Amino acid sequence: MRDRDRFQPDAPLLARARAALAGARQVAVLTGAGMSAESGIPTFRDALTGLWSRFDPQDLASVEGFSADPARVWDWYAERREGVRRAQPNAGHKALAAWARAHPGRMCVVTQNVDDLHQRAGQPDVVRLHGDILAEQWLDESTCRQRPRCDPAAADPGRPPRCMRCGALARPGVVWFGEALPEADLARAQRVANGCDLMLVVGTSGAVWPAAGLAGRARRAGAMVVIVNPEDSEIDAQAHVLLRGTAAQVLPRLLAPA
Ligand code: BV8
């Protein structure tokens with residue numbers, strides 16, 4: 001068994017994090033791809049294994065990459081979408097959702113993930129920073145001049161789909177590298193980071209900005225920062241407590257009722 005399969009929560013650190021949780025008025029949770037790994041969705045970096053391992057994520061997850069080879073990028077997303085549809089929320093998603101339901105108004109999940117597992121676990125308040133892989137939008141919003149506008153989800157099937165009425169090209173409803181994050185969602189995430197007493201950071205390498213900056217923002221605003229990750233991350237320096245373990249191992253222990 002790999003070391004992290006033998007997760008033995010460091011009792012004093014877990015106790016410290018549980019005490020902070022019990023006393024927190026507002027809990028912010030920043031999640032990354034590791035949150036969904038135990039649901040069978042490859043992490044973003046792992047999603048580039050196999051067929052995709054020879055590509056740089058920014059070659060596939062960018063307007064330039066899509067425009068250079070729409071069919072290839074569309075196929076990558078189609079494969080990932082199938083994985084999301086097959087996946088189920090894991091014990092970590094369920095523990096977060098159960099805690100939020102037991103403590104109404106005290107938890108907000110800010111996710112970098114483009115899957116819908118937090119939502120399907122029943123998490124009441126989720127801020128999506130990078131969009132929704134199951135949604136579609138036009139590559140160029142100005143292409144469609146129909147009134148009412150055509151629906152990207154109704155575009156004719158293709159690799160990628162194209163609207164036979166307006167000629168617009170559909171793309172996945174995610175935020176690509178080099179694209180601005182949805183303004184209102186980023187602003188909400190920053191408010192949540194500024195106003196929380198505790199930030200749980202779960203399953204993120206801390207490599208992608210501006211999402212990665214939210215942990216430092218919370219710390220500077222006076223929050224306790226707890227990182228849950230079996231490996232080191234680029235934002236470990238922001239943590240007051242580092243819980244070395246996986247989402248499905250640690251979160252049920254961390255969030256269990258006293
Ligand atoms: C923007 C959607 C500006 C698409 C994604 C500042 C400094 C440096 C660079 C930049 C900067 N500011 C902006 C940039 C550029 C860029 C960026 O950050 N580049 C990086 C690579 C250097 N950022 C952007 O381009 C952003 N846009 O800033 O726009 C702007 C402003 C105005 C006008 C125009 C432009 C947009 C970034 C969003 C990109 N889209 N996703 C898709 O999914 O296809 S990002 C994508 O990668 C994911 O959504 C996720 O956010 C990220 C991967 O990060 P993680 O989630 O952390 O996943 P990763 O695989 O890296 O790590 C997994 C972790 O889980 C690991 O730590 C592992 O140990 C852990 N783990 C594994 N198993 C488990 C586990 N943990 C717990 N349990 C387990 N079982």
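Atom set for the values below is all heavy atoms of this structure, side chains included, hydrogens, waters and symmetry mates excluded. Atoms within a ligand are numbered from 1 in the order they appear, just like the ligands themselves. Note that the structure is predicted; figures quoted are calculated from it, not measured.
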Query raised in the report: Relative to ligand 1, is A207 under 4.0 angstrom through side chain, backbone, both or neither, heavy atoms considered?
Result: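 A207 to ligand 1: backbone contact only, side chain stays beyond 4.0 Å.
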
Requested in this report: Kindly say whether A155 contributes a backbone atom to a donor-acceptor pair with the side chain of R165 at under 3.5 angstrom?
Outcome: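 Checked: no pair found.
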
Requested in this report: Closest by any non-hydrogen atom to atom 24 (C) of ligand 1: pick that one out of W76, W209, W176.
Outcome: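 Result: the heavy atom closest to atom 24 (C) of ligand 1 is in W209.
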
Requested in this report: Ignoring hydrogens, just give me the one of V201, T111, T31, V208 whose non-hydrogen atom is nearest atom 37 (C) of ligand 1.
Outcome: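 Closest candidate by heavy-atom distance is V208.
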
What atoms of ligand 1 come closer than 4.0 angstrom to any heavy atom of [X]?
| X | result |
| --- | --- |
| G178 | 24 (C), 25 (O), 34 (C), 35 (C) |
| E231 | 69 (O) |
| A37 | 73 (N), 80 (N) |
| Y77 | 4 (C), 42 (C), 44 (O) |
| G203 | 63 (C), 64 (C), 65 (O), 76 (N), 77 (C) |

Taking side chain as C-beta onward, heavy atoms only, is [X] less than 4.5 Å from [Y]?
| X | Y | result |
| --- | --- | --- |
| L134 | R85 | yes |
| R219 | M199 | no |
| N113 | H130 | no |

Polar-atom distance check: [X] versus ligand 1, any N or O pair below 3.5 Å?
| X | result |
| --- | --- |
| A33 | yes |
| D232 | no |
| A247 | yes |
| G245 | no |
| T246 | no |
| V175 | yes |
| N113 | no |
| F177 | no |
| N229 | yes |

**Report entry** Reference residue V27; test side-chain contact (heavy atoms from CB on, under 4.5 Å); the match among L255, V192, L21
**Finding:**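 Going through the options one by one, the only one that passes is L21.
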
Query raised in the report: Of the options V126, L254, V29, which is the one that meets L96 in a side-chain contact (heavy atoms from CB on, under 4.5 Å)?
Result: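 Exactly one option meets the side-chain contact (heavy atoms from CB on, under 4.5 Å) with L96, and it is V29.
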
Give a yes/no verdict on whether any heavy atom in [X] is under 4.0 Å from an atom of ligand 1.
| X | value |
| --- | --- |
| L181 | yes |
| A211 | no |
| R80 | yes |
| S233 | no |

**Report entry** Inter- and intrachain pairs under salt bridge (charged side-chain N to carboxylate O under 4.0 Å, His left out), touching residues 173-191, at least two apart
**Finding:**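 Output for this query lists D125-R188, R171-E179.
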
Query - Selection residues 19-34 - residue pairs positive for salt bridge (charged side-chain N to carboxylate O under 4.0 Å, His left out), sequence neighbours left out - result: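 Those involving residues 19-34 are R25-D197.
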
Query raised in the report: Taking a hydrophobic cluster as the set of Ile, Leu, Val, Met, Phe, Trp and Tyr residues connected by side-chain heavy atoms closer than 4.5 Å, whether directly or through intermediates, do L198 and M35 fall within one such cluster?
Result: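 Yes: a chain of side-chain contacts under 4.5 Å links L198 to M35.
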
Query - V208 with I41, same ILVMFWY side-chain cluster at under 4.5 Å - result: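 Per the 4.5 Å side-chain linkage, V208 and I41 are co-clustered.
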
Report task. Answer yes when R244 and D232 have at least one side-chain N-carboxylate O distance shorter than 4.0 Å, and no when they do not. Result ->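 Counted as a salt bridge, because a side-chain N and a carboxylate O are separated by less than 4.0 Å.
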
Query raised in the report: Taking all atoms of both residues into account, what is the closest heavy-atom pair of A97 and A121, and its distance?
Result: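 Closest heavy-atom pair between A97 and A121: CB-O, 3.3 Å.
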
